[in-house]
Amino acid sequence: MSSSHQEGQQGHHPTFKQYVLVATILFAITIVEFLLIWPRAGVVDSLGYSKIPLLAILSAIKFAIVIAFYMHLKFDHRLFTWVFLAGLFLAFGVGVALLTLFLSLGGEPRAYALERAIPYDEHAVELAKEKAKERAAEAAEATPMPTEPAPDATPAEAMADTPTQASEPASKPAGLDGQEIFLGSGGCGACHAVDGVSQGLVGPDLSHLGTEAASRKPGTSAEDYIFESIRDPQAFVATGVDRAIPGIMTAAVTAGLSDDEVNALVDFLLAQK
Amino acid sequence: MAHGVETAHHAEEEYTTTGLNHRKLLMWVFLGSDCMFFGALIATYMVYRGQSLNGPYPIDIINVPVTTISTFVLLCSSFSMVQALAATNKNDQRGIKIWLLATAFLGAIFIGFQVVEFNTFKNEGLTLGANLFGASFFTLTGFHGAHVTLGIIWLLGMFVLAVKGRVGPATALDVEILGLYWHFVDIVWIVIFTLLYLIGGFDAGPAPASGG
């Protein structure tokens, strides 16, 4: 009694040896793939973007080997192959269509994200804390010895001025637009909201900093406080301000700004009443 | 061979217009549709690739070497699945049990790797809701993991039948269909591994801000 469903597959089952061979090929391809992309293997740099088609071809070969031999499609009735390929091609088509849509309608898809993305460094927070500690230790060492700062400064004055040259904000910036820096080269707008200017949510809302800054740090004027907050954000972190990612604003964020630019920012923020 | 097996065998030989077994054809149709299911999830991942606004980004947490090992484990399980079917066709009762259990065991190791991976990611701050990367990554690999888990349950069920001596040449089709499902899960992983780990695993976020 010949069973109809076995038609086309009888006598074609690969032998144990052939299965071992297939498995070995699959293993070998996977190892090659890994070596292609693992930085320490040293190949990936010379490949550049050609690694993508290369990897795609290699895994397509693996894919084909598994369905042809392990899933017997090579030896089975054609209809199984067509039924499966129909789904596979539809899936592929959906993927290509979706990617095309996003690329063509949305322009460069990364551009939007890159402008607004926040760098991630799992150690940044700890590093910042360490630095703050070091600085606090330095300040503690420096204060008992009034010889370090200007000779006529009293210890109390020295303490207030320690991390930054707080006398600097007095010099007015010449022709620099604070709002422009805030949105542009400073990149502040990505993290801070200012009414009618920016919508950043990561840091505190600065819409009314002009009125609030004076009471932030005891013994520090609004101007000095804002200057310090930008030049050396870790020196003093105000309590009770609303922010999504505390500690992400480090001195590195503003290191590229000149003192004049910072002063322009201070003026701009002071005007936010 | 038990009488019940004979009956099942006869039921298998019903007339079909295609001359092909309905259940096997059904499995292939299902696998074709599952291609579309995973195709949609993979396409979603690719579209959102590199668009997360905050970390962790893939390069911060994806561990390619470890996942290469779990990929090997899954490849091994496909090999043992093939051996289980071969043993079934040869009515090698001991072989059937060993290979079925080995396949389920290897699948479980793969899932173990995934559980550890997901847990590590969670501890490093990547959750389903952390960013686009987290959402598309967990949805895709999570559904794949669910497929593997289902396969393990199916394999264990088949193993129980094998212990009872109810798996043999007459029920080879049952094992074959199970094998089709298992290998399919393997090929889906081949694609996921290439796209999410080998190609996408080194995606970084924006360069650390220096000078604003």
Side-chain angles (χ1 to χ4, degrees), chain A residues 1 3-5 7 13 16 19-20 23 26-27 30 33-34 36-38 51-52 55-56 58-59 62-63 66-67 70-72 77 79-80 83-88 90-92 94-95 98-99 102 109-110 112-114 116-122 185-188 252-257, chain B residues 12-13 16 18-21 24-25 28-29 31-36 38-40 42-44 46-47 50-57 60 64-65 68 71-72 75 78-79 81-83 86 89 124 173 179-180 183-184 186-187 190-191 193-194 198-199 202 205-212:
Chain A
M1 207 204 266
S3 56
S4 52
H5 73 269
E7 174 192 312
H13 277 296
F16 182 80
Y19 278 140
V20 173
L26 290 173
F27 270 47
T30 309
E33 283 181 328
F34 178 75
L36 278 183
I37 55 91
W38 191 232
K51 76 172 179 185
I52 294 177
L55 287 170
L58 283 175
S59 42
K62 284 205 289 183
F63 192 99
V66 172
I67 54 171
Y70 281 178
M71 294 166 91
H72 300 123
H77 195 280
L79 188 62
F80 296 130
V83 160
F84 182 68
L85 284 189
L88 189 64
L90 270 173
F92 197 73
V94 165
L98 201 62
L99 273 171
F102 262 67
R110 255 207 113 141
Y112 175 89
L114 269 184
R116 295 161 179 81
I118 301 157
Y120 175 79
D121 182 357
E122 28 189 324
S185 59
C188 324
V253 173
T254 54
L257 298 172
Chain B
E12 219 68 88
E13 289 178 20
T16 69
T18 50
L20 303 169
N21 178 271
K24 189 167 166 186
L25 189 57
W28 276 109
V29 172
L31 295 184
S33 76
D34 226 21
C35 274
M36 292 188 257
F38 278 109
I42 292 171
T44 309
M46 293 314 282
V47 158
Q51 306 230 42
S52 293
L53 293 186
N54 51 8
Y57 302 100
D60 302 316
V64 177
T68 306
T71 302
F72 274 124
L75 281 179
S78 256
F79 177 75
M81 186 68 237
V82 164
Q83 294 311 318
N89 282 328
E124 305 226 4
L173 191 72
L180 290 180
H183 297 310
F184 175 75
D186 188 20
I187 54 176
I190 289 177
V191 177
F193 177 63
T194 306
L198 296 178
I199 294 176
F202 297 89
S210 53

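Per chain, numbering begins at 1; letters A, B, ... match sequence-line order. Note that the structure is predicted; figures quoted are calculated from it, not measured.
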(request) Find the one option among Leu58(A), Leu55(A), Val94(A), Leu85(A) whose heavy-atom pairs under 4.5 Å with chain B are most numerous. (result) Leu55(A)
Nearest 0.5 Å, what's the [atom1]-[atom2] distance between [X] and [Y]?
X	Y	atom1	atom2	result
Leu31(B)	Met71(A)	CG	CE	5.0 Å
Trp28(B)	Phe84(A)	CH2	CZ	5.5 Å
Phe80(A)	Leu20(B)	CZ	CG	4.5 Å
Leu198(B)	Ile37(A)	CG	CD1	5.0 Å
Ile199(B)	Ile52(A)	CD1	CD1	5.0 Å
Ile190(B)	Ile67(A)	CD1	CD1	10.0 Å

(request) Verify side chain to side chain contact (heavy atoms under 4.5 Å, CB included) between Phe102(A) and Met46(B), making sure each step is shown before the conclusion. (result) CA-CA 10 Å; Phe102(A) 262 67; Met46(B) 293 314 282; over 6 Å; no
(request) Could you have a look at Ala40(B), Pro56(B), Gly39(B) and say which one has the most heavy-atom pairs with chain A under 4.5 angstrom? (result) Pro56(B)
(request) Quick one: which of Ser78(B), Ser33(B), Gly179(B), Ala86(B) has the most heavy-atom pairs under 4.5 Å with chain A, could you say? (result)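 With the most close heavy-atom pairs to chain A, the winner is Ser78(B).
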Locate the shortest heavy-atom distance separating [X] from [Y]; write the atom from each residue and the value.
X	Y	value
Thr194(B)	Glu33(A)	OG1-OE2, 4.0 Å
Thr44(B)	Leu98(A)	N-CD2, 4.3 Å
Cys35(B)	Ala91(A)	O-CB, 3.3 Å

(request) Please tell me if the side chains of Tyr70(A) and Met81(B) come closer than 4.5 Å, counting only heavy atoms from C-beta onward. (result) no
(request) Measure Phe184(B) against the heavy atoms of chain A and call it side chain, backbone, both or neither at under 4.5 Å. (result)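 Interface part for Phe184(B): both.
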(message) Using heavy-atom distances under 4.5 Å, tell me whether Leu180(B) contacts chain A through its side chain, its backbone, both, or neither.
(response) both
(request) Go through the structure and list residues passing ring pair (Phe, Tyr, Trp, His ring centres under 6.0 Å) with Phe34(A), not counting sequence neighbours. (result) Trp38(A)
(message) Does atom CZ (Phe72(B)) have a neighbourhood of more than 12 heavy atoms from anything else shown, all under 6.0 Å?
(response)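 Yes, because the 6.0 Å sphere around CZ of Phe72(B) holds more than 12 heavy atoms from other groups.
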(message) My understanding is that only residues two or more places apart in sequence, or in another chain, count here; which of them pass side chain to side chain contact (heavy atoms under 4.5 Å, CB included) with Leu90(A)?
(response)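 Testing Leu90(A) for side chain to side chain contact (heavy atoms under 4.5 Å, CB included), a comparison that skips the adjacent residues, returns Met36(B).
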(message) I'd like to know whether the aromatic ring centres of Phe79(B) and Tyr19(A) sit less than 6.0 Å apart in this structure.
(response)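 Phe79(B) vs Tyr19(A): aromatic centres not under 6.0 Å.
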(message) Could you go through Lys62(A) and Ile187(B), starting from their C-alpha distance and side-chain angles, then the distance that decides it, and tell me whether this counts as side chain to side chain contact (heavy atoms under 4.5 Å, CB included)?
(response) CA-CA 8 Å; Lys62(A) 284 205 289 183; Ile187(B) 54 176; over 6 Å; no
